[in-house]
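A note on names: the letters A, B, ... follow the listed sequences, proteins ahead of strands, and every chain is numbered from 1.
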Amino acid sequence: MLDIRAIRSDPEAVKASLARRGIDTSDIDAVVALDARRRDLVTTRDAVRAEIKTLSKQVGRLRGTGDESAAEASMARSRALGAEADALEAAETAVAAELDALLLGIPNVIHADAPDGISDADNPVVEMVGDIDGFADHQRVPHWETGAALGILDTERATKITGSMFVMLRGAGATLSRALCQLALDRNADAFEEIRPPSLVSTATLTASGQLPKFADDAYAVERDDLWCIPTAEVPLTSIAAGEILDSAELPMRFMAYSPCYRREAGAAGRDTRGMLRAHEFDKVEILSLATPEQAPAMLDELVHRAEATIATLGLTYRIIEICSGDLGQSHHRSFDIEVYAPGCDMWLEVSSVSWFSDYQARRANIRYRPAPSADDPRPATRMVHTLNGSALAVPRVWAAIVETYRNPDGTVTVPEVLRPYMRGITVIGA
RNA sequence: GGAGCGGUGGCAGAGCGGACGAAUGCACCGGUCUUGAAAACCGACGACCUGUCACAGGGUCCGGGGGUUCGAAUCCCCCCCGCUCCGCCA
C-alpha cells in the first residue's frame with residue numbers, strides 16, 4: 001500500500017513512477033479526490049463531536065447545580081447533534097472503505113535505478129557464471145527421464161494420489177531435496193534466525209504481504225476455516241512483527257524459514273508441465289529482513305549475494321538478472337532473479353527472486369519502528385520499516401539442474417560435494 | 001467441542017456511567033548532583049486521524065464489532081484471543 005500523504009503531496013510523481021510499469025494511473029486521481037472528501041468529512045464530524053462532548057459535560061454540571069431544565073435543554077441539543085455525527089460518520093466510513101479498496105490495488109512505486117522495460121524479455125543480465133555450451137551429451141538428458149530411470153522421481157504416482165502438477169520424490173531423490181533445504185539453512189544460520197512458521201495463514205496475513213485481494217485465484221483457500229495455504233514463507237515471516245512498533249536497535253531483523261509452498265498456478269496452466277519445473281506444492285528456504293529505509297539498499301545486496309553464493313557452491317551455471325519496470329511484481333520496489341541453467345531441458349530456471357518492497361508491505365502489515373533519539377529529535381516519530389526478502393533456495397528447480405548437470409555417462413548422478421554431509425553417505429545416485 | 005475465569009499504555013497493574021488518555025510502580029528520554037557511573041531528586045513520557053510554515057487546537061482508540069445513554073474503559077449483545085479443568089488427539 002502506498003503512503004496516502006505521498007500521493008496527496010505529489011500525485012504526479014507517483015503517477016510517473018507507476019507509468020513505468022505500463023499501467024493506467026487514473027486510480028491515483030480517484031484516490032486524491034476520495035482523500036480530499038474524506039478529510040472534509042472528518043473535520044466536520046470532529047467539530048460536531050467536540051460540541052457533543054462539551055454539552056455532555058455541561059449536563060453533568062447543571063445536574064449538580066440542580067438546574068434540571070437547563071440540563072434538559074443541553075441534552076436535547078446534544079441528541080440532535082448525535083444524529084448529525086452518526087450521518088457524517090457513516091459517510092466517512094464509506095469513503096474510507098472505498099479509498100482503502102482502491103489503495104490496496106495500486107502497485108508499489110519503482111526504484112529510480114530499476115531498468116525500464118515492457119516484459120521479462122527486457123530484463124538485463126547483470127551477471128553470468130558458467131557457459132551454457134560447455135555440456136556433454138550425457139548431460140543433455142531432461143531430469144524427468146533421469147529421475148524416472150533412477151527411481152527418484154515418481155510423477156505418475158503423485159498424479160494418482162493427488163492430481164496433475166504434483167510431484168513425489170523417492171529414495172535418494174527425496175534425500176537430495178531435504179539436503180538442499182538443510183544446506184540453504186546452514187549457509188545462512190550465521191545471521192538469520194531460523195523460524196518454522198505456520199503453513200496456513202489468515203486472510204489478514206495474506207493481505208499484508210500483498211497476495212490479497214488481487215491474487216486470490218493464485219492461492220489455495222481452506223474456506224471452511226477461512227484460512228489460506230502459504231505460497232511462500234515470505235507471508236508468515238513478513239507478518240511476524242505485524243502491528244508492532246519495533247525499537248530501532250532491533251533492526252535489521254533477519255529471519256529464515258524452510259516451508260512448503262502452495263500455488264494454484266492459475267495463470268500458468270499447461271506451462272512447464274514436465275518434471276519438477278512447476279508444481280502446485282514445493283519446498284523452499286526463504287530469507288527475509290525487516291530494516292530501516294537506510295539499511296535497505298545494503299540488505300538487498302546482501303540477500304542477493306547470499307542467494308548467489310549458495311547456488312555457486314553447488315557448481316551450477318547461473319545468471320543474475322534485474323527485473324525491469326514492466327515485469328516487476330505488484331509489491332516490488334526493486335528485484336533481482338537468479339536463474340540456473342538446466343542443460344538437460346536446455347532452460348534457464350528461476351531459482352531465487354530477491355526483492356525490496358520499500359514500505360509497501362510494512363504499511364499493509366502496519367510494521368513500524370521508532371528511530372533512535374538524537375540531540376535535535378529526542379523523541380522521534382514512528383516510521384514504517386522496509387521489508388526485503390529472497391529465496392535462499394527453491395528446491396525443485398535446483399534439484400532438476402543438479403540431476404541434469406551432474407549426470408554421468410552411465411546414467412548415474414554424482415552428488416555435489418557440499419551436499420554430501422546431508423546424504424547419508426550417498427555420493428553417486430544410482431551407483 | 002463443553003465449563004469457568006480473563007483480555008486496560010513498552011511491561012506490571014488500579015479503575016467498573018460524568019472531572020479518565022486513564023492512578024501507581026517499573027522501563028524509556030531530558031536534566032540536577034558526580035571526576036565518571038550508580039543512587040537520589042526534578043521534569044518529560046502512548047498510538048493514530050485531522051489541522052498548522054511551525055506551534056496551538058479538535059477528534060478517535062482501554063481485544064474486535066454492534067447496542068443502550070445527553071455522556072461508556074465502566075451497562076447489554078455477538079465475535080476473537082488467552083488461561084484453568086474436562087473431552088479428543090500426533
(request) Provide, to the nearest angstrom, the distance between the CG atom belonging to A/L62 and the C1' atom belonging to B/rG71. (result) 13 Å
(message) From CE of A/M75 over to P of B/rU68, roughly how many Å is that when rounded to an integer?
(response) 15 Å
(request) Please determine which of A/E89, A/E92, A/E98 meets the salt bridge (charged side-chain N to carboxylate O under 4.0 Å, His left out) test together with A/R38. (result) A/E92
(request) Looking only at side-chain atoms of A/A50, point me to the closest of B/rG59, B/rU50, B/rG18. (result) B/rG59
(message) Considering every strand and a 4.0 Å limit on heavy-atom distances, what is the contact class for A/S56: base, sugar-phosphate, or nothing?
(response) base
(message) Work out how far the P atom of B/rG46 is from that of B/rU24, and round it to whole angstrom.
(response) 14 Å
(request) Pick the C1' atom in B/rC49 and in B/rC11, then give their distance to the nearest Å. (result) 27 Å
(request) Rounded to the nearest angstrom, tell me the gap between atom CG in A/D226 and atom C1' in B/rC79. (result) 13 Å
(message) If you apply the rule side chain to side chain contact (heavy atoms under 4.5 Å, CB included), what do you find for A/T146 with A/E404, and how did you get there?
(response) CA-CA 8 Å; A/T146 305; A/E404 294 179 7; 5.9 Å; no
(request) Answer yes or no: is there a side-chain heavy-atom contact under 4.5 Å between A/M384 and A/N366? (result) yes
(request) Can you figure out which of B/rC70, B/rU50, B/rG59 approaches the side chain of A/R45 most closely? (result) B/rG59
(request) Whole angstrom is fine here: how far is it from CG in A/D46 over to P in B/rU50? (result) 10 Å
(request) Return the value, rounded to whole Å, for the distance between atom CZ of A/R368 and atom P of B/rA47. (result) 8 Å
(request) Find the distance A/K53:NZ to B/rA19:P and express it as a whole number of Å. (result) 10 Å
(message) Distance check needed: B/rG59 P versus A/K57 NZ, whole Å only.
(response) 8 Å
(message) Could you check whether A/N123 and A/D327, counting side-chain N and O atoms only, form a donor-acceptor pair closer than 3.5 Å?
(response) yes
(message) Roughly how many Å apart are B/rC89 and B/rC5, using the C1' atom of each and rounding to a whole number?
(response) 25 Å
(request) Run the salt-bridge test on A/R397 and A/E339 with the 4.0 Å N-O cut-off and return the result as yes or no. (result) no
(request) Ignoring backbone atoms, establish whether A/R8 has a side-chain N or O less than 4.0 Å from OP1 or OP2 of B/rU50. (result) yes
(message) Assess whether a salt bridge exists between A/K15 and A/E12, defined as any Lys/Arg side-chain N lying under 4.0 Å from an Asp/Glu carboxylate O.
(response) yes
(message) What's the gap between B/rA47 and B/rC83 when it is taken at their C1' atoms, as a whole Å value?
(response) 28 Å
(request) Round to the nearest Å and state the distance from A/N366 atom CG to B/rC61 atom P. (result) 18 Å
Pair up each side-chain donor or acceptor in residues 160-169 of chain A with any protein partner under 3.5 Å, not counting sequence neighbours, and list the distances.
none

(message) For a quick check of understanding: with a heavy-atom distance under 4.0 Å over all strands, which category does A/R383 fall into, base, sugar-phosphate or nothing?
(response) nothing
(request) Could you give the distance separating B/rA23 and B/rA14 at their P atoms, to the nearest angstrom? (result) 14 Å
(message) B/rC29, OP1 or OP2 - any side-chain N/O from A/R370 closer than 4.0 Å?
(response) no
(message) Counting only side-chain heavy atoms from C-beta out, which of B/rG59, B/rC48, B/rC49 sits nearest to A/T382?
(response) B/rC48
(request) May I ask you to evaluate whether A/R363 reaches the phosphate of B/rC48, defined as a side-chain N or O under 4.0 Å from OP1 or OP2? (result) no
(message) Please give the distance between the C1' atoms of B/rC88 and B/rC20 as a whole number of Å.
(response) 46 Å
(request) Measure up the A/Y262 and A/Y220 rings against each other and bin them: parallel (under 30°), tilted (30 to 60°), perpendicular (over 60°). (result) perpendicular
(request) Taking Watson-Crick and G-U wobble pairs with both distances under 3.5 Å, convert RNA chain B into its dot-bracket string, 5' to 3', dots for unpaired and | for cross-strand pairs. (result) ((((((((.[[[..)..(.....]]]..((((.......))))..(((((......))))).[[[[[..)....]]]]])))))))....
(message) Can you work out whether A/A381 or A/A76 has the more 5'-proximal nearest nucleotide on RNA chain B?
(response) A/A381
(request) Using the C1' atom as the reference point in each nucleotide, state the distance between B/rA72 and B/rC62 in Å, no decimals. (result) 11 Å
(message) Below the 4.0 Å mark, does B/rU50 have OP1 or OP2 next to a side-chain nitrogen or oxygen of A/R38?
(response) yes
(request) Would you please classify the geometry between the A/H386 ring and the A/W356 ring as parallel, tilted or perpendicular, with 30° and 60° separating the classes? (result) tilted
(message) Between A/A47 and A/R79, which residue's closest nucleotide on RNA chain B lies nearer the 5′ terminus?
(response) A/A47
(request) Using the C1' atom as the reference point in each nucleotide, state the distance between B/rA27 and B/rA44 in Å, no decimals. (result) 14 Å
(message) Counting the atoms with a prime plus P, OP1 and OP2 as sugar-phosphate, which does A/T43 contact under 4.0 Å by heavy atoms, base, sugar-phosphate, or nothing?
(response) sugar-phosphate
(message) Using OP1 and OP2 only, check whether a side-chain N or O of A/R49 sits under 4.0 Å from B/rG59.
(response) no
